[in-house]
Amino acid sequence: MEVQQLAQLLNATLGSSDGDAVRAATAALDGLASSLPRFPFHLLSLATGGENQGLKVAAATYLKNYVRRNMGENPSLEVGKEFKDQLMQALLQVEPEILKVLVEVFKFVAEVEFVKQYSWPELVPELRLAIQNSDQISNNSNCKWRTVNALTILHALIRPFQYFLNPKVVMEPVPPQLELIAEDILVPLLIVFHGLVGKVKAANIMTDISTEKIILIICKCFHFAKLDFRTERILSLAFDVVSRVLETGPGWKIVSPHFSFILDSAIMPALAMNGKDILEWEEDADEYIRKNLPSELEEFSGWREDLFTARKSAINLLGVMSMSKGPPMRSSKSTSSKRKKGEKNKRDSQQSSVGELLVLPFLSKFPVPTDDNASHPTILNNYFAVLMAYGGLEDFLRDKQPGYTATLLRTRVLPLYTISEKVPYLVAAANWVVGELSSCLPEDMSSEVYSHLLKALSMTDTTDISCYPVRVAAAGAMARLFENDYPPPEWLPLLQVVINRINDEDEESSILFELLNSLMEAGNESVMVHIPDLVLPLVGAISKFLPPDMEPWPQVAEKGFATLAVMAQCWESFISEEANEHESSEKCASGRAIIGRAFAVLLQEAWLKPKNLLESETSAPSSCVDHASTLLGSIMLSVTEINSILELKVSELLSVWAHLVADWHAWEESEDLSVFDCIKEVVRLSTEYELADFLSRRVPSPPAPPVPPLSIVEGIGAFVSEAITQYPSAMGRACSCVHMLLHAPSYSSETESVKQSLVIAFCQAASSSFYRIYRKQPSPLWKSLLLVIASCYLYCPDTVEEILTRNQDGGFAAWVSGLCSVASPSCTICLSGESEIKLCVMALVKVIERLLELGNFSSGIGRECFTSLLEATAKLKEVEDNAEVEEEEEEEVQEESGDEDEEETDYEDSDDDEHEETQEEFLERYAKAAIDLEDGNAVEEGDVECEDLEPDLGHLEEIDHQRLVFSLIERHRDVLLKGQVLPPQLVLTLRGAFPEQFSLLQ
């Protein structure tokens, strides 16, 4: 009501020739301004959502005057957080005409609340977030926040600082508010500005008016913020420009005469250590490492502008200079260039590079620090620069003989490790250099390199200096060595040192877990054989990081679980290769048992102690479920008897795990692969042994705690159903699990209700997904979903028909028609695997029997089903015959050539069968996909690796499918064949495949 009254009064002030009416409306507005407590909120609402543009402008203008008048009369007036938040949201979204007025409102508020009183501290981080997530910077056209609006707000915020605040002070210090704006917003905008300018230069024209506005506003912001902020960033850009210039012939001729000056006066000062580095080492070691000693072991997040430092750009420029041998030359197509090609190559190989002529001689002028002078500031700072320079020479040294790099390291880098009073700053830099040059190291240096790195990895803090960066840099160097296939002379000592270094320090232990991952992935049999011995101490170390109750786990615990998962996978891969030898087989089984027991102890500690997960509503973080699933899989693989299940508490652990996966919401994280693998092991184990709580939950006697309502299989069923419904990339794997869960377990009369509940859940999930995509062109997901419904239909046809009939998009008939389509050999996604065809045959038999019972077979759908059944039966016979022939051929090959020849033949055949997509095929496929997307015919794609997953039919494999089909025909021959016209080709196929039974079809 109040808003409507305001709108009427504002409209009365617009376009009226009656001056008295305008004055009366204005007076009424002034009266409401003093009487309505939410007057400014109502004006803001009308400015953004008024019924016409005139009303919006009038409301915004009155709000501007209202705020200016009130804040002018009372400068100490506080503006509430609610109004400031709503004002910011309006500013980010309104059209330009309203923005122009409302930004004046923001200026008044910001000058009082931020510039003078500094009582709006959240403004800068909120504005930074708004700019970062705005439409054109985040490349999200659906975002309501406009980049131009956000930058206009920034410009208005900076403008009061143009001449700082106190003209009476000769050298006024930079206001902290402006420093905050520069640090948090303006520096990241340099990257944005660079990208926009590059985009415009590439297009050779300003094609987008909004881009022009954005560039202009950013330039104005930098102009008004006359700060000497981040001179380092300006230097970084300058170094990058010179590097790019050197890539051109004319540029090289201009720059090359100044190489010595650039090296001495620009590069080395940028590389030298300074007071800021030492302060950062002490106060924020991780930031120091990220900027100066980066490695693959660390994860970067947020805007990446901090990664662009003058030091890194100087290192890059030095690498470009070192490789240079002269100006880049254009390739000539003349015959004379062809004739002189050999002479040119010979001349280039003999020509010395700038690295040899200038860079290395220049760096050699700085002597290696000794025990006497290593701590001297000038020596320390300069030699730090030398080490940084060596780290940038990887490409240059890779072209040299291995001995060249060995000499350089032995004379200029490794001596730093032998200084009695080691200087951590230099040792950390030396570690980084070793890692950067790992691709250039000769094999005979392995022992001394790893010896020094192991000592650095164990380097303890001194009284005054933390050696954390030294240890992290050593771990990063080792990871680079592994990556470049540079192994240590012995793996076990290295593994033991790494595991023994894992302690209560979360950050350092996280790095060591990452290093262990690299060790496992890079190691060979020499590493794998030690895994059982390493798991026990590692489990003990990880258990110390677990919280005492079920609060979220720290990141270091998650890293530890991830490392154990990698070790488990490496062990399984290793023993699969060793399983053929009897002695190795026993050793592998023993190792698997040790690993299984260790993992069981850890999961019991995590899930069953001290407070059972099932007693509380909280749970372990879902990010650990994937790794825990891998550990559970290893535990189940280690089970060889029923006593092991009881000893390891497998049922209890699986109950907790099923409780967790039932509430899985991490599909976008691609963490579900190990969960599906674990499901397979659960089903296998439940088939081999009586697994408690698998099909139904045991109810303990009081006063035992209550149990969750879901059994293990029901928890898995909830996970699988959610996968089918929510995530196409997981749909293939989920559909494969459906068949296992329905066909493999032995359901009794007491657990029949459990199977029925699974059927309902699976059918609802599969049918909803199928009906969502079935009107589009057939896709591999079609087949998976159709077969899931088929499996459900075999057990509860009435229930499935009811579920399907509820759908308005064709219902039961649509599913039957789809099943018939994939059974046809002419379908692009026809059934190919033996199990798929068997399942389809059984489902079609069941459908036909139901139609016969209801007297509906003579309908079109009945005839279609019968034809498809015969086609599928013929296809099944063909697949079975081919399998027998292939098996006989394999036996003959083994007898004639032996296993080795057979493997070689298989390898060659696989090469012949593999088809590599050509560029034309790639372009054609993506063009078709683009057309389908534009026409709305794009089909959801599943995981390609899952398209060939054969359904596990469990006890249904025992059914004689040929007898099943011809028994149906024999019992209902008259009805089935009456009026049925079979395709001639199908008749010929059936006659050849089933000569004895063919008479039933005549």
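In the model, Glu483 has no side-chain atom that pairs as donor or acceptor with a side-chain atom of Ser518 under 3.5 Å. Under 3.5 Å, the side chains of Asp371 and Ser420 contain a donor-acceptor pair of N or O atoms. Using modelled atom types, one finds no donor on one side chain facing an acceptor on the other under 3.5 Å when comparing Trp281 with Ser466.
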**Q.** Test log, rule side-chain hydrogen bond (donor to acceptor under 3.5 Å, both in side chains), inputs Ser313 and Asp240
**A.** CA-CA 6 Å; Ser313 296; Asp240 292 342; 3.0 Å; yes
Q: Before giving the answer on side chain to side chain contact (heavy atoms under 4.5 Å, CB included), spell out for Met478 and Asn431 the whole-Å C-alpha distance, their side-chain angles and the decisive distance to 0.1 Å.
A: CA-CA 9 Å; Met478 290 182 187; Asn431 293 339; over 6 Å; no
(Q) Evaluate Tyr288 against Trp432 for ring-ring contact (aromatic ring centres under 6.0 Å, His included), listing each step before the verdict. (A) CA-CA 13 Å; Tyr288 176 88; Trp432 177 76; over 10 Å; no
Q: Apply side chain to side chain contact (heavy atoms under 4.5 Å, CB included) to Val368 and Val413, showing your working.
A: CA-CA 8 Å; Val368 178; Val413 178; over 6 Å; no
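Using modelled atom types, no side-chain atom of Asn316 and backbone atom of Lys312 make a donor-acceptor pair closer than 3.5 Å. Side chain of Asn373 to main chain of Pro369: no donor-acceptor pair is present (N/O by atom type, distance under 3.5 Å, no hydrogens or angles). Side chain of Asn503 to main chain of Arg501: a donor-acceptor pair is present (N/O by atom type, distance under 3.5 Å, no hydrogens or angles).
For Asp264, there are no salt bridge (Lys or Arg N to Asp or Glu O under 4.0 Å) partners, not counting sequence neighbours. Applying the side chain to side chain donor-acceptor pair (under 3.5 Å) rule to Asn500 yields no partners; only residues at least two apart in sequence or on another chain are considered. Applying the ring pair (Phe, Tyr, Trp, His ring centres under 6.0 Å) criterion to Tyr486, with sequence neighbours excluded, gives no partner residue. Listed by chain and number, the residues in a ring pair (Phe, Tyr, Trp, His ring centres under 6.0 Å) with Phe513 amount to none (sequence neighbours excluded).
Counting non-hydrogen atoms of other residues, nucleotides and ligands closer than 6.0 Å to CD of Gln496 gives a total above 12. Around the CD atom of Glu282, the shell of radius 6.0 Å holds more than 12 heavy atoms that belong to other residues, nucleotides or ligands. Around the CZ atom of Arg244, the shell of radius 6.0 Å holds no more than 12 heavy atoms that belong to other residues, nucleotides or ligands.
Residues in residues 352-362 take part in these salt bridge (Lys or Arg N to Asp or Glu O under 4.0 Å) pairs, two or more places apart or across chains: Glu356-Lys400. Applying the ring pair (Phe, Tyr, Trp, His ring centres under 6.0 Å) rule to pairs touching residues 380-413 yields nothing, sequence neighbours excluded.
Residues Ala285 and Pro469 approach most closely at CB-CG, 4.0 Å, considering heavy atoms.
Between Trp571 and Phe574, the angle of the ring planes lies from 30° to 60°, which puts this pair in the tilted group. In this structure, Tyr417 and His452 have parallel ring planes: the angle between them is below the 30° cut-off, well short of the 60° mark.
The residues Asp284 and Arg290 are annotated as not salt-bridged, no charged nitrogen and carboxylate oxygen being separated by less than 4.0 angstrom. Salt bridge Asp277/Lys291: absent, no basic N to carboxylate O contact under 4.0 Å. Between Lys276 and Glu280 there is no salt bridge, since none of the side-chain N atoms of the basic residue sits less than 4.0 Å from a carboxylate O of the acidic one.
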